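All remarks here apply to the structure that follows.
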Amino acid sequence: MAKTLYDPHAIEPKWQAIWEERQAFRTPSDPELLASRPKFYALDMFPYPSGAGLHVGHPEGYTATDVVSRMKRMQGFNVLHPMGWDAFGLPAERAAVREGKHPADITLRNIDNFRRQIQRLGFGYDWEREVNTSAVDYYRWTQWIFLKLYERGLAYMAEVPVNWCPALGTVLANEEVKDGKYVETGDPVERRSMNQWMLRITVYAERLLEDLELVDWPEHVKEMQRHWIGRSEGAEIVFAIGGREETFDVFTTRPDTLFGCTYCVLSPEHPLVATITSEAQRSAVESYVAESATKSDLQRTDLAKEKSGVYTGADAVHPVTGDRVPIWVADYVLMSYGSGAIMAVPGQDERDWEFAELYDLPIVRTVRPPADFDGKAYLGDGPAINSEFLDGLEIAAAKAKMIAWLEEHGAGSGRVEYRLRDWLFSRQRYWGEPFPIVHAEDGEIVALAYDELPVELPPIDEYRPTDDGRPPLARADPDWLEVSLPDGRKATRETNTMPQWAGSCWYYLRYLDAGNEELPFAPEAERYWMPVDLYIGGVEHAVLHLLYARFWHKVLYDCGLVSTQEPFQKLFNQGMILAYSYQDAQGKYYHPDEVEERGERFFAGDVEVTSQVEKMSKSKLNVVNPDDVIGEYGADSMRLYELFMGPLEQQKPWQTTGVEGVYRFLHRSWRLVVDEGSGELSNKLTDAPPASEPELERLLHKTIKKVSSDTETLQMNTAISQLMIFVNEATQASSLPREIASAFVRALAPYAPHLAEELWARLGGDGLVSLAEWPEHDEALCEDETITIVVQVNGKKRDELEVAKDADRETVEEAALASEKAQRFLDGKEPKKVIVVPGRLVNIVV
RNA sequence: GCCGGAGUGGCGGAAUUGGCAGACGCGACGGACUCAAAAUCCGUUUCCCGCAAGGGAGUGGGGGUUCGAGUCCCCCCUCCGGCACCA
C-alpha cells in the first residue's frame, strides 16, 4: 500500500489556491469590522525587483512579518500586510539599453518573477494593495507630494557643488557617497558645480532628531541617524579683517577658548580667499587652492594625515582682544560644514595643534590641564586660564559667559549647527519620476497645477544623456518637452528626474488605499491604520530611506495629511544571511556541491580547500536560491529554517543540513495526526479530554504561552524550538486528545501555514486555520505540580530534590539538609548559613 | 582614533530579577528495522580522570563584588558594524 507521507509539493499549491479563492488575506474594509477590532500594520521594506531574482536573504524579514501578521490575525486583529515594488532605478535602464527594450517592460518582467518567488512561500499578503512606484497611477501621487513640498518652499533649485558620478552619468546625494565613492557600486565620485533640485530637509533637522525619542527602534539605528543629523551647540563668532571692510563668521563649539585663538583658517573654497589674499602671497595661495580643487574627497581625506596650508597675507582681528591673528587657507577646513572658516585654538584642538606645530604658529592654553598631563592639545575640563574675564571658570560656565559677552558686543551669538545638508533631489536619468515643473522662457520656474498631473515619462530613443550633457529626457519629442503656459509664455519641461528614494518615501501610505484615484490615500484610512506597527528590513537603510521617509512624513503631517508625527512605530533589522564558501590556496572559489569533507579537511576533487563564512555572491559561488530550497523541502521548511537559524537580528550562515532538521520536524508533526500507513487519522488521537494526558496538557499550555510571547517579541528561533519540544513529547505519549492536537496545529499555523491547514482540515476543524482563533494558555497549567530544587554545598551542585511547587522555605531547607549527598559534603560541619531561593535552589554554606 | 554590538560544545544557537550552563537543531558515534542502502526510530554526545560509582575543570583572558556570576563592576584581547579633519 502506498504510504501517505508528508508531501509539501502536494499540500502547498493546494492551500495557496484555496487562500486565494477565499480571499483569506484581504485586508478588512467593512467600516463596522474595522471599528470593532484593533489594527495591526506589518510592513516589509519592499524590494527593488532586480533581474537576479530573490535570494534567501529577502524572505527572512518577510517570513518574520508574515508570522507575526498571521498570529495577529488569529488573535482578532485587523491586519494590513502588503507588498510592492521599489521599481524605478538604474539597473532597469541599463538592461533596457542592453536588450533594446523599454525599462518598463524589463521592470514588469522582473516584478512578475519576484512576485512568483514570493508567492511560493505562502505569505499572507493582500495582493490587491500591491504598489509599483514606477506605475503612472503611483508616481502621479509622488509628483503630487512633490508639489506640496514645493508649495511649502521645501524644494528649490540651486547651483551647488554636487557629487557627480561619471560611471553612472548622474549626480548623487551626500548620503549615497562615502569615501569619495558611490556606496552601492564603489564607482568614484567627483565634485562639480551644477544647477540642481534640493529639498530643505535641514529645516526638519531638529524634529528628525528629537522625534527619535517617540519610536521603538534599535538603539544603533537611532544612533546612526543622530550622528548623521549631527547636532552641535556652540557659537557663531564674527571676525573683522585688518584693513578691510569684509568680515567672516566662524562656528565653534568652544567659544570659551576664544582667548586661545592664535590664527584663523578659511577653507580653500571660501569666497573670501580670493579677495583678502595679499599680493605677496597670491601665487602661493592660488596654486594651493587650485591643487585642492583637483583632489577628490577621497584624496583629501587620505592625505589628511599630513596637514597643509598657506598664509593669505591677511590678518583677522580678534573680537575680544583686538589682536591681529593671521588668516591661513587649509584644506583641513571643509566648506560644507559651518561657515567654511574656523578660529584655530591649538591649545584645545588636536588638529589645530598639529597645524600650529607644522607652521610654527603660537599656542596658548586657555584651559589648565591636570598636573600630570603630558599631551599636546588638552580637550578635557578644567579652569580657564589666560582668558581675562573667564579665568577660573569651568568649560560650561565659560562658554555661557563668552556667548553672553559676544551677544552684548554684537560680535557673535549662540548657535546650533547640523551636519545634515539639504537633500540633492534630482538625477540625470530616464527611469525615475519626472518633476511636475516647467521652465518658462524667461527663466522662471513654474510648478504645474494638481490637475495637470501626472506628467508621464515620454518615450525616447536612447537612454543616454545628450551630447551636450543634458539628461536623457532632453531627447524627448518637442510635443512633450515644450509646453505653453496659460499666460501664453512658452516653457520647457524639467528634464531631471527624481531619485529612487522618492517612491519609497511614502509607499507605506499608498498601501492604505492603493486604488484611490482622487487622492494618494483617504484620510480615514490613514487615521485607522497609521502608524506602522512593525517595520522589518535591512540595516543598510538606517540612514538613507528611513531619514528621507521620516522627513516626507513630517512634511505631510504639517500639511495636515497624516495624523502621526512618525511613520514607523517599531523598526526591526534582520541580520544578513551569509553562506559557506570554499577557496583553494590560489584563491579560486569552488561550488559547495563540489566540496567534500574528509576528516577535518575539505577537498574539491584532489584540491584542498578552506572553508569560510561570507556574504553570498555569484563570484563566490555560494548563493542559495529559494526556488531550489522550496523545490527540495517545500515552503514551510524554508520559512521555518529562515527563522530557526538564530536570532532574527543576527548575521548567520545558511546551512542546508539545518533545513533538513526542520523538514524532519514537519514530518514528525504530520505523523502526530496522520497514520502514514493507512492515510487515516492517527489512531493515537482520542476524543478524551486534554486532562487525560496531564503531562502533555501542561506542555501544550507552556508551548502556547512561549510561542505567543516569543512571536510577539520576534524571538522566533526559540518559539520554533518550543514547538519541537512539544512534538517530541507528543510523539512519545501513548494517546493524543484531539483538543490538544487542534491547539498545537493552530500554534504551528503562523510558522508552517500549509501543513497546518492540511492537518486542521484532516482534524475536521472549521474553515481555515489561518482564520481560526489563536489558542489561549491557562496560566495554572503552565506550572508544574512539583518542582526540582537544586541542593548546593558551597555553591556546588550536589543533589536534586522533588518538592511541591508551593513548598515553604522551612520544608525545603529541612529536606535539603536531610539530603544524604549534601550531608556527605558537609563532612559533619555545621552549616554557617543556608540560602533558600523558593522554587529554585538551596545553598548550604559551611 | 571615536561610537555601538558581540565572544558559550565539532557547528547554528538556548539560558526570568545574578540561582541546575549547553534547551532545540545540525553533525558525529552506537543500536533497531532492512538481503543491502536510503528514510525512519531508539540511545550517547562540553572537556579531562575513571570499568564504574564518582570526581575535577569549564561561557575570549586577568582581577573584583556575592552564599552563588555566561549574566554585575574594573582592566586587557579578538571579531563585526557605524563614523572618521564636522571645528
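Throughout, a chain's letter reflects where its sequence line sits, starting with A, and its residues are numbered from 1. Everything quoted here is computed from the prediction, not taken from an experiment.
- Contact annotation for A:Q650: backbone-only contact, meaning every heavy-atom pair under 4.0 Å involves sugar-phosphate atoms and none involves a base.
- The side chain of A:Q732 places no N or O atom within less than 4.0 Å of a non-bridging phosphate oxygen (OP1 or OP2) of B:rC41.
- For A:K684, there are no side-chain hydrogen bond (donor to acceptor under 3.5 Å, both in side chains) partners, not counting sequence neighbours.
- As judged by a 4.0 angstrom heavy-atom cut-off over every strand, A:E236 is placed among residues making no nucleic acid contact.
- Closest approach to the A:K652 side chain among B:rC41, B:rG12, B:rC80 is made by B:rG12 (side chain taken as heavy atoms from C-beta onward).
- Counting only residues at least two apart or on different chains, the side-chain hydrogen bond (donor to acceptor under 3.5 Å, both in side chains) pairs with a member in residues 663-672 of chain A are A:R668-A:N728.
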Using a 4.0 Å cut-off on protein heavy atoms (strictly under), produce a 5'-to-3' string for nucleotides 19-32 of chain B with B for base contact, S for backbone-only sugar-phosphate contact, and - for none. BB--BBSSS-----

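- Nearest nucleotide to the A:R419 side chain, out of B:rC83, B:rA14, B:rC11: B:rC83.
- B:rG70 makes up no base pair with any nucleotide shown, lacking Watson-Crick or G-U wobble contacts both under 3.5 Å.
- Among the nucleotides B:rC3, B:rA87, B:rG82, the one closest to any side-chain atom of A:T252 is B:rA87.
- Both distances falling under 3.5 Å, in either a Watson-Crick or a G-U wobble arrangement, occur for no nucleotide opposite B:rU65.
- Rounded to the nearest 0.5 Å, atoms OG1 (A:T257) and OH (A:Y378) are 13.5 Å apart.
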